[in-house]
Amino acid sequence: MGAAIPASSVVTTALQGDVLVVTIDNPPVNALGAAVRQGLLAAMQQAQADAAVAAVLLVGAGKAFIAGADIREFGKPPVAPILPEVCRAIENLNKPVVAVLHGAALGGGLEVALSAHYRLALPAATLGLPEVNLGLLPGSGGTQRAPRLMGVQAATTLMLSGQPLKAQAALQAGLVDKLVEGTDPLAAGLAYLRELLAANAPVRRTRDLAIAEPQAALAWLDEQKAETAKKSRGLFSPLKIIECVHAALQLPFDEGMARERALFMECLDSPQRAGLIHAFFAEREVVKVPEAQAAQPRPVASIAVIGGGTMGAGIAVAALDAGLPVTMIERDAESIARGRANVEKVYNALVAKGRMTEAAQAAVMARYTGSTDYADIAQVDLVIEAVFEDIEVKKAVFRELDRVCKPGAVLATNTSYLDIDAIAAATGRPQDVIGLHFFSPANIMKLLEIVVPAKVAPDVVATAFELAKKLKKVPVRAGVCDGFIGNRILAVYKQAADYLLEDGASPYEIDAAVRGFGFAMGPFQVTDLAGGDIGWATRKRRAATRDPKARYVEIADRICERGWFGQKTGRGFYLYPDGARTGQPDPEVLAIVDAERAKKGVTPRSFSADEIMRRYMAAMVNEGANVVHEGIALRPLDVDVTFVAGYGFPRHRGGPMKWADMTGLDKVLADIEAFAKEDPLFWKLSPLLVQLVRAGRNFDSLNQAEKS
Ligand code: 3H9
């Protein structure tokens, strides 16, 4: 710590009697950027040097204590002092240091608190080490100090889950010393410090504590290692966290810290860190759309859902869970009963699992009304239509809504691919009509595509984004086209998978390659889960408009013709004997595939997992580029969020466009050019991809350009 450190505006100090109050004030969440680290270190030097200081109180201004390291700094050259050094200075101070936690104390923020000698929490505090969610590990002593304070098992679980603890749980776990009522951290902190000083409380360094029952802890940790390797499915940092805790058990504190630092740097350098941090920021950028920034949302205090099928019921549950009253409209008494049963089924399952009480279920269902009469929704603020996917049926519903709904009500359709401009045109108020495309099960899946037709008013778009927040969804703005962002791109890479199948890869090889990349399921498993009949119906509907020159793979049709629709019929691309949920390869399917290849005159060739993924991803990225180029997605990051939140794309790869950036756009382009030699009609380079490669730019440059 040699050179003098400049005073900073983000960390201020003030003497209150003999207590030096050190306030971290770096909105919005007091992240530990370089200036904060410098300020904290300077404050410790000041406290050490000033004889008038008897003790130090660390307090966060605003809503958080400290939400962690400044994530924006990762990947850039480090600026001194690094956080472990700041934490060491706090811990080494010869005067008692108290941290008072009133909001988020996360990651490096909690590590600062663990370096203090005493910790006080207010009820709203949340304490966690969520670094694993960013591909990292706690890198400022968290892996060494948390086990000393709360034991190996609780600390490891905290770090591997990334889930924060509420104040009460943190108190029980030994992470904080005291919990007091109140909302004023400064007053509470000063009162606590006074108590400590009155009692002559000593400096108490976490580093000096011994870890409880080290032998048992070591044995438990070894078990966790195998378990974690299985559960983390290729994730890099969870096993590194275990290694750090091992070091905490087996090495002196300073050596443990050195080990933690080395492993932290490995995580920092990993592509998974880059992917996960991209996903973190992208999820926060997607809400920044022009309409939501320009207009105020309309108030939404009540909702109607038209249609009580699986989708309508899921949407109703999502709205009920957000505390809204819901009226569901159905055709007749029988359909109302079915819709209500679909909603109740969700809550019954929660009650059965002990995750909801019957009284809570009754309270939620009291906000739910079923009706056959559109007049009952005349006063609702927002309507979501979820009826059969047929444009004429939907137009009829919207004409009815136009007739009954109050002026200014938002009229939304949950269509997956129909033309929302045409649906809006069926009403006399197209400015109020918008697409809200939920994903099934709608009460669980995070993604909500907000589809913006030509004539919609900006405040209706803003209302949709506000609703998404209330429903705890991840909203992505999409333009009108067949399939919007997600299903449009899916159709293309599914086609690439079908071509691979006909050219020589088995469905099982393709699914395994896709799982190996990090998806939970491959495309043929997804078809079996969703029901093969759904895609079959779409293909039949589109047969008349299909380009006769385009390659069409009939294998899925052959399978559907046999009534093999996947899990629900016991067989599809896989066999599901006795209602099994995991499929087994089916030799008869392979025979069908062989027969189709023979019919088309295809001599099957083999594809490695890498070759499969190159085609699969190239198709996804190329169509993603088209979607951005046409303005269907605002930015590449909107495509990324769509796939991570709605299509099982591995979060640690950031999304398809981030994957392409990390792979190199020139490489993706060269692949597409090579594939185009076999099938130029399918493999048409996206103009945006060509432009970017020519300019030596990547997709992220478009994300950044939109920000400025
Ligand atoms: C770490 O600490 C590593 C150390 O162990 C070792 C170091 C050596 N940095 O989420 P919100 C921004 S790793 C920079 O919408 P909320 C966020 O982008 C870190 N910026 O609010 C957004 O900006 P904008 C471990 C950050 O109230 C704004 O703050 N910590 C950071 O819904 C508001 O965020 C974490 O992983 C940050 N650390 O939720 C915690 N955090 O307005 C990450 C937020 O421009 N953060 N921003 O879009 C969170 O979980 C939530 O932000 C939090 C607040 C719960 C705190």
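All residue numbers refer to positions in the sequence shown, counting from 1. Both ligands and their constituent atoms are indexed starting at 1 by order of listing.
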If you have a sec, work out which protein heavy atom is nearest [atom] and how many Å separate them, to one decimal?
atom                    : result
atom 14 (C) of ligand 1 : D70 OD1, 3.2 Å
atom 15 (O) of ligand 1 : R284 NE, 3.8 Å
atom 31 (C) of ligand 1 : V29 CG2, 3.8 Å
atom 55 (C) of ligand 1 : L106 CD1, 4.1 Å

**Asked** atom 9 (N) of ligand 1: protein heavy atom closer than 4.0 Å?
**Response**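 Neighbour list for atom 9 (N) of ligand 1 includes protein heavy atoms (cut-off 4.0 Å).
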Pull out every atom of ligand 1 sitting under 4.0 Å from any heavy atom of [X], numbered as shown with elements.
X    : answer
E131 : 1 (C), 2 (O), 3 (C), 4 (C), 5 (O), 13 (S)
G68  : 2 (O)
F264 : 6 (C), 7 (C), 8 (C)
F281 : 18 (O)
S140 : 6 (C), 7 (C), 8 (C)
E111 : 4 (C), 5 (O), 6 (C)
P130 : 30 (N), 35 (C), 36 (O)
F280 : 43 (C), 46 (N)

Please confirm whether the backbone N or O of [Y] pairs with a side-chain atom of [X], one donor and one acceptor, at under 3.5 Å?
X    : Y    : value
Q38  : P81  : no
R37  : V79  : yes
Q144 : C244 : yes
H102 : A61  : no
R233 : G518 : yes

**Asked** For atom 30 (N) of ligand 1, which candidate among G107, C267, G135, A67 holds the nearest heavy atom?
**Response**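 Minimum heavy-atom distance to atom 30 (N) of ligand 1 goes to A67.
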**Prompt:** Between K469, K288, E285, which one has a non-hydrogen atom sitting closest to atom 45 (O) of ligand 1?
**Reply:**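 Looking at heavy atoms only, the winner is K288.
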In terms of side-chain geometry, is the basic nitrogen of [X] or [Y] positioned less than 4.0 Å from the acidic oxygen of its partner?
X    : Y    : result
R207 : D254 : yes
K446 : E283 : no
R88  : E91  : no

Have a look at ligand 1 and work out which part of [X], if any, has a heavy atom under 4.0 Å from it: side chain, backbone, both or neither.
X    : value
I71  : both
L134 : side chain
P28  : side chain
A31  : side chain

**Message:** Once salt bridge (Lys or Arg N to Asp or Glu O under 4.0 Å) is applied, what residue pairs with a partner in residues 652-663 remain, sequence neighbours excluded?
**Reply:**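 Non-adjacent pairs meeting salt bridge (Lys or Arg N to Asp or Glu O under 4.0 Å): zero.
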**Asked** Centres of the Y647 and F519 rings: under 6.0 Å?
**Response**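 Centroid distance Y647-F519: not below 6.0 Å, so no.
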**Message:** Considering only residues two or more places apart or on different chains, which pairs with a residue in residues 117-139 satisfy side chain to side chain donor-acceptor pair (under 3.5 Å)?
**Reply:**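 Listed by first then second residue: nothing to list.
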